[in-house]
There are 2 protein chains.
Amino acid sequence: MSQDNAAGEAVPIGEAARKSGVKVPTIRYYEQIGLLAAPARTGGNRRLFTHDDLRRLAFIRHARELGFDVEAIRALLSLQDHPEQSCASADAIARARLVEVEDRIARLGALRDELARMIDECACGRVAECRVIETLAATHRHGALA
Amino acid sequence: MSQDNAAGEAVPIGEAARKSGVKVPTIRYYEQIGLLAAPARTGGNRRLFTHDDLRRLAFIRHARELGFDVEAIRALLSLQDHPEQSCASADAIARARLVEVEDRIARLGALRDELARMIDECACGRVAECRVIETLAATHRHGALA
DNA sequence: GATACATCCTCTAGCGGCTAGAGGAGCAAG
DNA sequence: CTTGCTCCTCTAGCCGCTAGAGGATGTATC
């Protein structure tokens, strides 16, 4: 009836990957670096992931999508495991990440403008008069090239 | 009179690093991967960078800052070395990069909003009711977690 | 000269966060 | 029993550097 273990207790790694959106080798990698506790195994030595494991994997995936690095995720997970603590640390981690992201957006915006200008001004003739190349070659704030 | 080789012909790697804004080991790395031609050497086996080398280094640095990967830079440099060709390729490379950047900006924008909302809604009490953790744990579009 | 110190050299190994592939074992269906 | 899938472990590779060991060279001072 069920090829997809709808109500089941524990699932093998392939299904865990499908359900969590984390690829199979990545799941094993997370286990290896201790982000995910080693799951139970079958007699045949296959990993069996519980629903809790799947939730943890989804948590990790979401956090990675938000650009948190593994250390930050480790911290967030350990917070999650101690719900009686103050969540000030989680807040701080998220705030730090927000600052990073805003900074990155600002810099990418400048970058986009420069790229757009570069492309805009390129008449697409010979490389000799190509604005794209020229712009890249231009000496900048930093460069004190004689 | 000159400790900084103001009008000089060729400079050692440290000065090349200062002038181009590319770090010493990175310059050697660029040489190693063939992004920069191996420069001349002194009798004592030290690299000597010409002004041309410095311009090339600055070009590379600027392109890296704009997020071009090494392969793209290789292509751009080879275009620069053949100024009689059409610059359509340079244009295409830059356009592709612009698309990437715009995409990245859009995704970072969404991300910023999510982070901001997360932080905003967190009353900073116990982890148990922490929006930051909760948001990360929430099952998403992708997840079909039972 | 001798000495001190900065700069340079080559080489290997490591970072983060995976990803790919070899070589084999387990398991369910026909 | 064989086919074909999933799973296992292990090692090595990706990018773009960065760090460190261990040694040679260059320059300034005494």
Side-chain angles (χ1 to χ4, degrees), chain A residues 1-5 8 10-36 38-49 53 56-57 59-77 97 100 104, chain B residues 1-5 8 10-36 38-49 53 56-57 59-77 97 100 104:
Chain A
M1 193 185 290
S2 73
Q3 70 165 77
D4 227 34
N5 202 337
V11 298
I13 200 166
E15 200 179 330
R18 253 172 283 123
K19 288 197 167 164
S20 67
V22 179
K23 293 190 204 155
V24 168
T26 306
I27 294 176
R28 290 197 274 245
Y29 170 72
Y30 287 159
E31 179 185 332
Q32 187 191 302
I33 64 169
L35 211 52
L36 195 69
R41 302 274 183 137
T42 67
N45 196 34
R46 283 147 185 245
R47 290 170 180 84
L48 282 179
F49 295 86
D53 292 326
R56 205 168 172 98
L57 273 173
F59 183 103
I60 295 170
R61 183 177 69 96
H62 190 192
R64 285 293 301 139
E65 275 169 5
L66 290 177
F68 290 97
D69 63 24
V70 167
E71 279 322 295
I73 295 175
R74 221 184 275 280
L76 289 168
L77 283 169
R97 180 67 196 138
E100 276 171 40
R104 193 123 181 75
Chain B
M1 197 185 291
S2 73
Q3 69 165 69
D4 227 35
N5 202 337
V11 298
I13 200 166
E15 200 176 330
R18 261 182 315 262
K19 288 196 169 166
S20 68
V22 180
K23 291 190 207 157
V24 168
T26 306
I27 295 176
R28 290 197 275 245
Y29 170 71
Y30 286 160
E31 180 185 332
Q32 187 190 303
I33 63 169
L35 211 51
L36 195 68
R41 301 276 183 137
T42 67
N45 196 34
R46 280 144 188 248
R47 290 170 181 83
L48 282 179
F49 295 87
D53 292 327
R56 204 167 171 98
L57 273 173
F59 183 103
I60 295 169
R61 184 177 68 95
H62 190 192
R64 284 295 297 138
E65 276 170 4
L66 290 177
F68 290 97
D69 64 25
V70 166
E71 279 322 294
I73 295 176
R74 220 184 277 279
L76 290 168
L77 283 169
R97 181 67 195 137
E100 275 171 40
R104 194 124 182 73

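Chain naming here is simple, since letters A, B, ... match the order of the sequence lines and numbering starts at 1 in each.
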Between [atom1] of [X] and [atom2] of [Y], what distance do you get to the nearest 0.5 Å?
X        : Y       : atom1 : atom2 : value
B:Arg47  : B:Arg41 : CZ    : CZ    : 4.0 Å
A:Arg104 : A:Arg97 : CZ    : CZ    : 9.0 Å
B:Leu35  : B:Thr26 : CG    : OG1   : 11.5 Å
B:Arg28  : B:Ile33 : CZ    : CD1   : 15.0 Å

Applying side-chain hydrogen bond (donor to acceptor under 3.5 Å, both in side chains), name anything that partners A:Arg64, two or more places apart in sequence or on another chain.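 Counting only residues at least two positions away or on another chain, A:Arg64 forms no side-chain hydrogen bond (donor to acceptor under 3.5 Å, both in side chains).
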Using heavy atoms to find the nearest nucleotide of DNA chain D for A:Gln32 and A:Phe49 separately, return the residue whose nucleotide is more 5′.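 On the 5' side of the pair lies A:Phe49.
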Go nucleotide by nucleotide along DNA chain D from the 5' end; which of A:Ile13 and B:Phe68 gets its closest nucleotide reached first?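 Residue closer to the 5' terminus by nearest nucleotide: A:Ile13.
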Euclidean distance, atom [atom1] of residue [X] to atom [atom2] of [N] [Å, nearest integer]:
X       : N      : atom1 : atom2 : result
B:Ile27 : D:dT18 : CD1   : C1'   : 14 Å
B:Arg61 : D:dC17 : CZ    : C1'   : 16 Å
A:Leu48 : D:dC8  : CG    : C1'   : 13 Å
B:Ile33 : D:dC15 : CD1   : P     : 9 Å
A:Tyr29 : D:dA12 : OH    : C1'   : 15 Å

D:dC17, OP1 or OP2 - any side-chain N/O from B:Tyr30 closer than 4.0 Å? yes
Does the side chain of B:Arg46 get closer than 4.0 angstrom to OP1 or OP2 of D:dG26 through an N or O atom? no
List the steps and the verdict of salt bridge (charged side-chain N to carboxylate O under 4.0 Å, His left out) for B:Arg74 and B:Glu71. CA-CA 5 Å; B:Arg74 220 184 277 279; B:Glu71 279 322 294; 3.1 Å; yes
Which atom names give the shortest non-hydrogen contact between A:Leu36 and A:Asp53, and what distance separates them?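 Looking at all heavy atoms of both residues, the closest pair is CD1-O, 4.3 Å.
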Heavy atoms under 4.0 Å, any strand shown: does A:Arg28 hit a base, just sugar-phosphate, or nothing? base
By the 4.0 Å heavy-atom rule, please label B:Val70 as base, sugar-phosphate, or nothing.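 Sugar-phosphate, no base atom in range.
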For DNA chain C, note the earliest and the latest nucleotide, 5' to 3', having some atom under 4.0 Å of a heavy atom belonging to chain A.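 Reading along DNA chain C, I get C:dG17 to C:dC27.
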